S.K.: 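Right, I'll just put the structure down here and ask away after.
Worth saying up front: this structure is predicted, and the values here are computed from it rather than measured. Just so you know, residue 1 is the first one in the sequence shown, and it goes up from there.
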Amino acid sequence: MVLFICLTLYLTSYIASPINELKSRVKEIALGQRQKSVLSARTDEIGELFDAFNQMADTISQKEQELTSLANHDSLTGVLNRRALIHSATKEVTVTPRNPASLCMIDIDHFKSINDHFGHSIGDQALIEFCQLVTQESRTKDIFGRVGGEEFILILPSTDLDQAYAIAERIRSHCEKYIADDLGLDKAITVSIGVALWQEGGFLAAVSQADKMLYQAKRNGRNKIELQTDLN
């Protein structure tokens with residue numbers, strides 16, 4: 001009887017407990033948790049089972065990260081897409097009249113003619129070059145994303161219009177100077193930028209105001225920056 005009890009306890013600890021742990025880990029994966037099992041150090045079949053489980057958990061985690069990245073980023077340029085940009089703006093940026101943010105709505109001038117004249121591959125490269133340039137000119141706290149074919153938004157937290165204008169002007173001048181050269185083109189690629197203040201209200205209302213400034217920049221000849229003036 002004593003031997004039977006000892007054997008039962010041994011089998012419970014050696015087989016049943018690991019299986020219960022595996023069940024627990026499977027439930028954790030179902031809930032989105034990622035914890036490896038320490039029992040993979042065993043060299044028997046149970047250890048091989050847990051090794052396989054850990055590999056599966058790693059693969060699931062990697063694929064989950066890849067899917068999240070694909071869902072949040074523009075596939076061509078790698079910057080945030082419209083949905084992720086709006087989510088970041090509403091969840092990560094707090095604005096008040098004393099601590100406003102600024103929005104830069106940026107559009108690449110005559111982008112259709114770039115595609116028509118040089119080809120879509122050059123157009124794609126121009127978009128990529130532009131995004132790399134804006135990212136280099138942006139600060140860590142800034143949020144940048146693509147909201148249309150050649151339209152982008154740069155969110156500048158804790159930034160007034162004067163500060164936003166300085167950032168926008170660096171972007172405008174560097175686009176005019178560098179993008180065409182980097183692509184070996186004989187005609188400058190320029191951008192128009194509308195800048196608006198976001199100090200209260202919803203994010204999309206501020207986007208609408210920045211969009212108005214953008215169209216004003218285009219009406220005034222392109223390759224320009226227009227600042228919001230009606231701040232009352």
S.K.: Going hydrophobic residue to hydrophobic residue with side-chain gaps under 4.5 angstrom, can you get from Leu214 over to Phe144?
M.R.: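 Different clusters.
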
S.K.: Please tell me whether Val207 and Ile106 are part of a single hydrophobic cluster in this structure, the criterion being side-chain heavy atoms less than 4.5 Å apart.
M.R.: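 As far as the 4.5 Å side-chain criterion goes, Ile106 and Val207 are not connected within one cluster.
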
S.K.: Side chain to side chain contact (heavy atoms under 4.5 Å, CB included) between Val147 and Arg82: does it pass, once the steps are laid out?
M.R.: CA-CA 5 Å; Val147 295; Arg82 181 183 181 88; 3.7 Å; yes

S.K.: Any side-chain heavy-atom pair from Val93 and Trp198 closer than 4.5 angstrom?
M.R.: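 Counting from C-beta outward, Val93 and Trp198 do come under 4.5 Å.
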
S.K.: Any non-hydrogen side-chain atom of Val195 less than 4.5 Å from a side-chain atom of Met213?
M.R.: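 No, side chains not in contact.
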
S.K.: If the condition is side chain to side chain contact (heavy atoms under 4.5 Å, CB included), which residues does Lys177 pass it with, not counting sequence neighbours?
M.R.: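 Listed in chain order: nothing, the list is empty.
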
S.K.: Show me the donor-acceptor pairs, under 3.5 Å and distance only, between side chains in residues 150-164 and residues at least two apart or in other chains.
M.R.:
| unit_1 | atom_1 | unit_2 | atom_2 | d |
| --- | --- | --- | --- | --- |
| Ser158 | OG | Asn99 | OD1 | 3.0 |
| Thr159 | OG1 | Arg139 | NH1 | 3.3 |
| Thr159 | OG1 | Arg139 | NH2 | 2.7 |
| Thr159 | OG1 | Leu156 | O | 3.3 |
| Thr159 | OG1 | Pro157 | O | 2.7 |
| Asp160 | OD1 | Asp162 | N | 3.2 |
| Asp160 | OD1 | Gln163 | N | 2.8 |
| Gln163 | OE1 | Asp160 | N | 3.0 |

S.K.: Any idea which heavy atoms bring Leu197 and Pro100 closest together, and the distance?
M.R.: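 Minimum heavy-atom separation between Leu197 and Pro100: CD1-CB, 3.8 Å.
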
S.K.: Can you give the donor-acceptor pairs under 3.5 Å from side chains of residues 121-137 to other protein atoms, not counting sequence neighbours?
M.R.:
| unit_1 | atom_1 | unit_2 | atom_2 | d |
| --- | --- | --- | --- | --- |
| Thr135 | OG1 | Cys131 | O | 2.8 |
| Glu137 | OE1 | Arg170 | NE | 3.1 |
| Glu137 | OE2 | His174 | ND1 | 2.9 |

S.K.: Does Arg219 have any side chain to side chain contact (heavy atoms under 4.5 Å, CB included) partners at least two apart in sequence or in another chain, and if so, which?
M.R.: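 Scan of Arg219 (side chain to side chain contact (heavy atoms under 4.5 Å, CB included), adjacent residues dropped) gives Tyr215, Gln216.
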
S.K.: Under 4.0 Å between a side-chain nitrogen and a carboxylate oxygen: does that hold for Asp109 and Lys218?
M.R.: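 So Asp109 pairs with Lys218 through a salt bridge.
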
S.K.: Is a donor on one side and an acceptor on the other found under 3.5 Å between the side chain of Ser208 and the backbone of Leu204?
M.R.: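 Side chain of Ser208 to backbone of Leu204, a donor-acceptor pair under 3.5 Å: no, none is there.
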
S.K.: Tell me, which pairs form a salt bridge (charged side-chain N to carboxylate O under 4.0 Å, His left out) where one or both residues lie in residues 110-120, sequence neighbours left out?
M.R.: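 Salt bridge (charged side-chain N to carboxylate O under 4.0 Å, His left out) check on residues 110-120 returns Lys112-Asp116.
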
S.K.: Could you pull out all residues at least two apart from Glu169 that satisfy side chain to side chain contact (heavy atoms under 4.5 Å, CB included)?
M.R.: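 For Glu169, the residues satisfying side chain to side chain contact (heavy atoms under 4.5 Å, CB included) (neighbours in sequence not counted) are Tyr165, Arg172, Ser173, Ile225.
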
S.K.: How about Leu80 and Ser88: do any of their side-chain heavy atoms sit closer than 4.5 Å?
M.R.: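 Yes, their side chains come closer than 4.5 Å.
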
S.K.: With the side chain counted from C-beta on, respond yes when Ile179 and Ile108 share a heavy-atom pair under 4.5 Å apart, and no when they do not.
M.R.: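 Not in contact.
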
